[in-house]
Participant: 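Below: one structure in C-alpha cells.
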Protein chains: 2
Amino acid sequence: MVTIYDIAAKAGVSAMTVSRVINNTGKISEKTRAKVRRVMEDLNYVPNHMARSLVLQQTNLLFLLITDITNPFYTTLARGAEDAAKKYGYRLLFGNSDENVEKEKDYVDTILATRADGVLVAPAGDPSLPHLETLRKHQVPFVLLDREVPGLDSDVVLGDSKEGARKLVDHLSSQGHRRIALINGSPYISSARLRLEGYREALKLNDLAYDESYVLETAFEPRSDLSEIESWLERMSPLPTAIVAGNNVLAVEVIRTLHDRGIRVPEQMSVVCFDDLGPYSEIDPFLTVIAQQAYQFGYLGMQLLVERIQERGETGLPWKKVVLPADMIVRRSVSAVENIL
Amino acid sequence: MVTIYDIAAKAGVSAMTVSRVINNTGKISEKTRAKVRRVMEDLNYVPNHMARSLVLQQTNLLFLLITDITNPFYTTLARGAEDAAKKYGYRLLFGNSDENVEKEKDYVDTILATRADGVLVAPAGDPSLPHLETLRKHQVPFVLLDREVPGLDSDVVLGDSKEGARKLVDHLSSQGHRRIALINGSPYISSARLRLEGYREALKLNDLAYDESYVLETAFEPRSDLSEIESWLERMSPLPTAIVAGNNVLAVEVIRTLHDRGIRVPEQMSVVCFDDLGPYSEIDPFLTVIAQQAYQFGYLGMQLLVERIQERGETGLPWKKVVLPADMIVRRSVSAVENIL
DNA sequence: TAATTTAAGGTTATCGGTAACATTATTTCA
DNA sequence: TGAAATAATGTTACCGATAACCTTAAATTA
C-alpha cells in the first residue's frame, strides 16, 4: 500500500509537505505542489482514512441503521438521508438490523469501533435502550427515526401514528365497516403502541366496541411462518370485515394468508395499512394506505443529526421532535360493507 | 474516549496485557484477566477499530455497492450478501450509487480509504471500468454482481439475461403478439446489451421483424421525467401490442406513462419485465416477470468474495463466473392479442 | 541597512492499538 | 540440585497520518 512517505521520498520532500498538499493547508510553492501531485497520481495514492481519523479524532462518517432493508419505507428514507448527508459533506454508510435487537447491537458495536461522527437510527424497539445508552455514553450524537424509545431523550423524527390509525379506522367506518381488526407490530415498538391507541380511540369515536380478540400483536418484519396469522384468523368469530395492518409488511402477509384461505381482498375482506409499497404501488394501485413521507424522515433526520454534531460542546440544547403528518391514499383494497359477499 | 491505556492504568497492568485479554492471545492468569475485564466494563471500553486495523493491515470490513437501494432486486440481493457475510464472520456495510458512475467512484474512494478487505459491486456500467481498475491496482478483491464490465476480468455472478429476454418474447409471441417493443437500460450496461440480444434473437425465431423504432434505450434508474418515454410512445406507429421492459423500474415507468395517456394494461397493452417487485407482488400478482434469484446473487457473490480474500497470495486462480437461471412467472399483465381492444 | 515578516518547508510527538522481543518468577526434569 | 522450559507480564517500535513547533531564506518595512 502506498503511503505518504512513499510519495514524500519519490518527490524529494517531507511527509508533512505531502500532507499539506493533500489537505490544501499551509503554504506550498506551486512547483512542489505540482510535483507532489504528479507523484501521487503516478503511484495511485489513496489516503488512509483510518490513520487520518486516528489523529484527527473524527471520521466524517455517518451511519444509518434501518430495520428492514427490503421495506420501501426504509429504503426511501435512506435516499433522503443520503441526499442530506451529501449536502453536508458527510459520507454515509448503511446497516440493516432486520428488526433484530441483537443484530442492531452488533451494528452499534461496529459504529463505536469505527468512531463514526454520528448515527441515524430506526431502533428495533424499546429493548434497543441499552445500546442506545451506550452510544450516548460514548457521546456519539444520534437521531431516532420512526420510533421513540421510552427512557431515552433524543432528537427524533416521527410519523403521526395515532392520527394515521384514526384516519384508517374512520375511513373503514365510513364505508360501513363495524367489525374492524388490527394486526400490529410488537407492543415494544412505540409506533405500534400509538397505532393501537389511535385504533382504540377511533373505535370509540365511531361507537364501535373494542374486542381484544380482534387485535394481534406480532412482528413488523417479514417472516416465512404465517401460522400465527392463520390461527388468529381462525380465532376471530365472527370474522371482521376489515383489517388494519400496522405496516406494509403485515398487510402483505395478511393478504397472502387470506388468499391461502380463499378469502379475497377487497371482495370479502377490506385491508388498509401504514406505509406505501414504493413506486410499484403506482402501476396497479391497490392498497389503501397511510403514506408516510419516508424521504422526509431521512432528510430531516439527517439535518437534525448534523446540527447536533456541529453543536457538540454546547450543552443543554433542547431535544427536537419532528412529527410528520399522516396522509391517507384511498385505493382499491376497501369495499363498502354492503358489497361484501 | 477510553483507551487501552486507561484500562491498563486502572488495572495496574501494561497496555499489552489488556490487548491480550481483549484478543484472547498469549498467556494471562485468570486473576488479571478478570481484573482487566472488570475495568473494561466499568469504563465502557470499546476497542478502536481504526487503530487496530492500522497495525493489523486488515479491517474485517466488506462493502456491498448497489445501484438502486429502492429496487427490491438489489435489497433482496443485499440480504443474501448480509447473511453470507455473517456466516463468514465479516462485517458488511452498504453503499448506494444510484446508477451514477460518479457516486460510485466516490464510494470506491471511501472503500479504498477505509481499507476494506473486499467489495461486492453491482457496477453502474461499462464506465465503471476506471475505478474498478483502481480497486484491482490496490489489490482489493472484488466480485461483480448482475453486470460484467468489458475489459475487466473478475469473479462475477450474473443472471441469464439473454435466455430471460427470449422467454419473455416467446411468451408474448405465444399469446399472439407480433408488435413487441423493448424499453431497455443503457447500452453501456452488459445486462441491457444481453437483453437486447435475446430480444432480437427471439424475434427472429418467432419470425418477427426487428424494428429499430420499437426499441428505446434509456436508464435503469427511477426518474421523475417521463418525457422520453412519452415521445417514444408517440413515435411508434403503429403502437406495439406488448412491451418488454429491461427491468422492474422501467416497467413501472412505462405503465405509469401508458396510464397517463389513457392506455390500460393489460387490456390495451401487455407489459412484461425483468426482476420481480419484491414481496409486494404477492398481494396482487400483476406483472409477468423474469424473477431473478436476487438473494442468491448476494449469497453466492459473497462466497466467491470470501474465497478470493482467503486465497490472497495464490496467483493465477481462474476467474469464476456463475450464471443464475432466468425463471418466468406468468401473471396478469399480458393478454392475448385477440382480446386487445 | 538592520530588524521584522513572511513564505516554504522540515522535525518531533502523538492518535490507539499490536507484533516481536525482552524479562522475571516458577516449574519441570535430567 | 542446577539447567532448561514455561507461565505471565513488560518494553519498544511501528502502522499512516497530522498538529504543533522549529528552521531557513527571501521579501518588507522602518
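Note on naming: letters A, B, ... go to the chains in the order of the sequence lines (proteins, then strands), and numbering restarts at 1 for each one. These figures come from a predicted structure and were not determined experimentally. Side chains included, hydrogens not; waters and symmetry mates left out as well; all remaining heavy atoms used.
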Participant: Identify whether any heavy atom of B/S53 sits under 4.0 Å from a base atom; if not, whether one sits that close to sugar-phosphate; answer base, sugar-phosphate or nothing.
Facilitator: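 Since no nucleic acid heavy atom lies under 4.0 Å of B/S53, the category is nothing.
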
Participant: With respect to the side chain of B/Y45, which nucleotide from D/dA17, C/dG17, C/dG16 is positioned closest?
Facilitator: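 Among the listed nucleotides, the one closest to the side chain of B/Y45 is C/dG17.
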
Participant: Should B/T3 be listed as having a side-chain N or O under 4.0 Å from OP1 or OP2 of C/dG16?
Facilitator: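 No, no such contact exists.
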
Participant: With nearest nucleotides of DNA chain D determined for B/S14 and A/M16 from heavy-atom distances, which residue corresponds to the more 5′ nucleotide?
Facilitator: B/S14

Participant: For D/dT18, take OP1 and OP2 only and decide whether either is under 4.0 Å from a side-chain N or O of A/N23.
Facilitator: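 A/N23 to D/dT18 OP1/OP2: side-chain N or O found under 4.0 Å.
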
Participant: How close do B/L304 and B/V156 get, counting heavy atoms only, and between which atoms?
Facilitator: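 Scanning both residues completely, I find the closest heavy atoms to be CD1-O, 4.4 Å.
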
Participant: Separation of A/I4 atom CD1 from D/dT18 atom C1', in whole Å?
Facilitator: 8 Å

Participant: Quick check on C/dA8: is either OP1 or OP2 less than 4.0 Å from any side-chain nitrogen or oxygen of A/T32?
Facilitator: no

Participant: How many Å lie between CG on A/N24 and C1' on D/dA19, as a whole number?
Facilitator: 17 Å

Participant: Under the 3.5 Å rule, do the base of D/dG10 and the side chain of B/R20 count as making a donor-acceptor pair?
Facilitator: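 Checked by distance alone, the answer is yes.
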
Participant: OH of B/Y5 versus C1' of C/dG17: gap in Å, rounded?
Facilitator: 6 Å

Participant: Whether A/K87 and A/D83 form a salt bridge (side-chain N of Lys/Arg under 4.0 Å from carboxylate O of Asp/Glu) is what I want to check.
Facilitator: no

Participant: Any carboxylate oxygen within less than 4.0 angstrom of a Lys/Arg side-chain nitrogen, looking at A/R79 and B/D68?
Facilitator: yes

Participant: How long is the line joining NZ of B/K27 and C1' of D/dA8, in whole Å?
Facilitator: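 Going from NZ in B/K27 over to C1' in D/dA8 covers 9 Å.
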
Participant: Got a salt bridge between B/D155 and B/R308, using NZ or NE/NH1/NH2 to carboxylate O under 4.0 Å?
Facilitator: yes

Participant: Rounded to the nearest Å, what distance is computed from the CD1 atom of residue B/I22 to the P atom of nucleotide C/dA19?
Facilitator: 12 Å

Participant: Starting at atom CE of B/M50, determine the distance to atom P of C/dT18, rounded to an integer number of angstrom.
Facilitator: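 Answer to the nearest Å: 13 Å.
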
Participant: Hey, does the side chain of B/S29 come within less than 4.0 Å of D/dA7's phosphate (OP1/OP2), counting only N and O?
Facilitator: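 Answer is no, no contact under 4.0 Å.
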
Participant: Any idea which of D/dG10, D/dG16, C/dG17 is nearest the B/V55 side chain?
Facilitator: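 Taking heavy atoms from C-beta onward, the closest nucleotide is C/dG17.
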
Participant: Quick test of your reading of the model: are A/E30 and A/R33 salt-bridged, counting only N-O distances below 4.0 Å?
Facilitator: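 Salt bridge flag = yes for A/R33 with A/E30.
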
Participant: Is any side-chain N or O of A/Q57 closer than 4.0 Å to OP1 or OP2 of C/dG16?
Facilitator: yes

Participant: Separation of A/H138 atom NE2 from C/dG16 atom P, in whole Å?
Facilitator: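 Nearest whole value for this atom pair: 14 Å.
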
Participant: How many Å lie between NE2 on B/H49 and P on C/dT18, as a whole number?
Facilitator: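 Distance check: B/H49 NE2 to C/dT18 P gives 11 Å.
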
